[in-house]
Number of protein chains: 2
Amino acid sequence: MRKEKIPAATIIRLSVYQRYLKRLLANGVKVVSSSELAYEASVNPAQLRKDLSYFGRFGVRGVGYDVASLLNTISGILGLLDEWRVVLVGAGPIGQALLRHPQFSRQGYVFEAVFDFDENHIGKQLEGGHTVRAIEDLPKVIKERGIQLAVLAVPSERAQEIADVLVESGIKGILNFCTTRIRVPRGVSVQYVDFTILLDTLTYKISQNNTGNKEPVSSAKPKWAREHSWPVVQSNIQRQGVSLTS
Amino acid sequence: MRKEKIPAATIIRLSVYQRYLKRLLANGVKVVSSSELAYEASVNPAQLRKDLSYFGRFGVRGVGYDVASLLNTISGILGLLDEWRVVLVGAGPIGQALLRHPQFSRQGYVFEAVFDFDENHIGKQLEGGHTVRAIEDLPKVIKERGIQLAVLAVPSERAQEIADVLVESGIKGILNFCTTRIRVPRGVSVQYVDFTILLDTLTYKISQNNTGNKEPVSSAKPKWAREHSWPVVQSNIQRQGVSLTS
DNA sequence: TTTCAAAAGTGATTTTTATAACAATTTGAA
DNA sequence: TTCAAATTGTTATAAAAATCACTTTTGAAA
């Protein structure tokens, strides 16, 4: 079960499972079955078991998974047992909104420093106690503190230029809110957050439906839904990626 | 070439192609080859040609694609030739940042109204001339103006509840910034924007690299990169989805 | 004209991913 | 003890998607 190539979609699903496991744990649930957890995450239970099987055997047959222990296992796989420090580049509306987004700290991400190249922003105090610093300080801060993650929220025209600086300084992962594909060397990963692409896929679907060009819908209830008699809302995570990684 | 099932990833790539075509057009480029455009979008040129072939034949052999015409074609496929009106639910930091995000209007999306259930927000004037309205007004506004798209940026606990209202009111597509999977009936689509999931995939990769558990890297230059002698930075869009649609 | 290089379109093939199906294990009740 | 129900782990199968490799078309230079 080792050594096999692990689908990118599996990692994304692990993150979703992790989130629901946290909620179960908070609710005092001790044990969960693949069917239950898969239902929460809107995936096929066989998929969930398969996803886990890439990494080992964590359940008890006939019983299910221990919530606390599976949560810990998945967090470990994702590398989330420790805190991750992140630099934010770009203190515009999106950047500032992210600083205040509770989900980041809840998941163990800590914004260490904020940078911008706009003279008007530099030196400004932001909510949360961050002071906007000049891009020139980036390499120093990243190297000194050994930071590996960056959130990139600058105007798209400057995305590549900043990405180069980040990579040069030792950043290993970039969460990119810009609308340009950036190029990074092997060993550095990029994930894109691209709202309008997603909206475009929605408009595509709506347009299809409106023109009567309906998707061939398999109206039958999928077999796995019958494992339990839950209402079917097939909103699978399959193929969700947004990978764009390199 | 019609009637075939169209991969979700194809639609996402169309959106990426569209964006680069816009830039080419703005730069006065008249004609582009599949290799050039594919390089910009970081995909395999055969992939691009195949993506287009689902919808028709738009190029000229030996020549390439007319930029203006292909842009128009793709925009039409995606349903982007008209303006789309959107309601925003949730006037928190993320929601407000989105209102100010230029990419939306550039792509033809117009925020028609903003809603929140927080008494402290309701009635507040936001930059851009929007006044925050109470959730109670949602159904009326959506129905009266025939709005089909919604951006959902409320606290996750309330996501499903609001989604139900949106669906009930006639919304056909939801861009969901909440961290809960929402359930919607067939005919309604959902796209998830989930920052921390993406960060988690970055930490996974970084952790892998750090533990020496490297991905099996195919060090050879992919064949398609040899079509032109460009430097290879394999950051494919393949499998990017974030679909989670229903 | 003829020839050649460029480049689209597409069927065939390969790769990747998801699903199904079932044997193995566990628990608890008869 | 034995049996039945629950539920995992995993192999086999199917589905989906990406890539290749080849054919066709075009335009331009010789």
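This one's a predicted model, so the numbers in the text were calculated from it and none came from an experiment. Letters A, B, ... are given to chains in the order of the sequence lines, protein chains preceding strands, and every chain is numbered from 1.
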Engineer: For A:Asp51, what residues pass the side-chain hydrogen bond (donor to acceptor under 3.5 Å, both in side chains) criterion, not counting sequence neighbours?
Structural biologist: A:Thr10, A:Arg13, A:Tyr17
Engineer: Rounded to whole angstroms, how far apart are CD on B:Gln47 and P on C:dA8?
Structural biologist: 15 Å
Engineer: Using whole Å, what does the distance between atom P of nucleotide C:dT16 and atom CD1 of A:Ile11 come to?
Structural biologist: 15 Å
Engineer: Does anything in residues 59-66 of chain B come within less than 4.0 Å of DNA chain C? Heavy atoms only, and list the residues if so.
Structural biologist: B:Gly59, B:Val60, B:Arg61, B:Gly62, B:Val63, B:Gly64, B:Tyr65
Engineer: Step by step, work out the ring pair (Phe, Tyr, Trp, His ring centres under 6.0 Å) result for B:Phe177 and B:Tyr192.
Structural biologist: CA-CA 6 Å; B:Phe177 285 79; B:Tyr192 292 81; over 10 Å; no
Engineer: Restricting to side-chain hydrogen bond (donor to acceptor under 3.5 Å, both in side chains), what partner residues turn up for B:Thr73, sequence neighbours left out?
Structural biologist: none
Engineer: For a quick test of reading the model: is some side-chain N or O of A:Ser34 closer than 4.0 Å to OP1 or OP2 of D:dT7?
Structural biologist: no
Engineer: Taking A:Phe195 as the fixed residue, which of B:Gln191, B:Gln107, B:His101 is the one that meets the side chain to side chain contact (heavy atoms under 4.5 Å, CB included) rule?
Structural biologist: B:His101
Engineer: Mind checking what makes side-chain hydrogen bond (donor to acceptor under 3.5 Å, both in side chains) contact with B:Ser156, not counting sequence neighbours?
Structural biologist: B:Thr179
Engineer: Side-chain donor-acceptor pair under 3.5 Å between B:Ser34 and B:Arg49, yes or no?
Structural biologist: yes
Engineer: Between A:Thr196 and B:Arg106, does any side-chain donor sit less than 3.5 Å from a side-chain acceptor?
Structural biologist: no
Engineer: Taking the side chain of B:Ser33 as heavy atoms from C-beta outward, which of C:dA8, C:dA18, D:dA17 is closest to it?
Structural biologist: C:dA8
Engineer: With sequence neighbours excluded, tell me which residues meet side-chain hydrogen bond (donor to acceptor under 3.5 Å, both in side chains) with B:Tyr109.
Structural biologist: A:Asp200
Engineer: Return no unless some side-chain N or O of B:Arg57 is found under 4.0 Å from OP1 or OP2 of C:dT10.
Structural biologist: yes
Engineer: How long is the line joining NZ of B:Lys30 and C1' of C:dA7, in whole Å?
Structural biologist: 21 Å
Engineer: Whether B:Arg13 contacts D:dA18 is assessed here as follows: a side-chain N or O lying under 4.0 Å from the phosphate OP1 or OP2. Is that the case?
Structural biologist: yes
Engineer: Taking atom P of D:dT8 as reference, at what distance in whole Å does atom CG of A:Leu70 sit?
Structural biologist: 10 Å
Engineer: Over how many whole Å does the gap from B:Arg49 atom CZ to C:dA7 atom C1' extend?
Structural biologist: 7 Å
Engineer: Does this structure show an ion pair linking B:Arg181 with B:Asp194, if we count only N-O contacts that are shorter than 4.0 Å?
Structural biologist: yes
Engineer: Grab the CG-C1' distance between A:Asp51 and C:dT19 for me, whole Å please.
Structural biologist: 12 Å
Engineer: A:Leu48 CG to C:dT19 P: how many Å, rounded?
Structural biologist: 12 Å
Engineer: Using atom names, set out every protein N or O paired with an N or O of nucleotides 11-15 of chain C below 3.5 Å, distance rounded to 0.1 Å.
Structural biologist:
from, atom 1, to, atom 2, distance (Å)
C:dA12, N6, B:Lys50, NZ, 3.3

Engineer: Rounded to the Å, how far apart are B:Glu36 CD and C:dA6 P?
Structural biologist: 12 Å
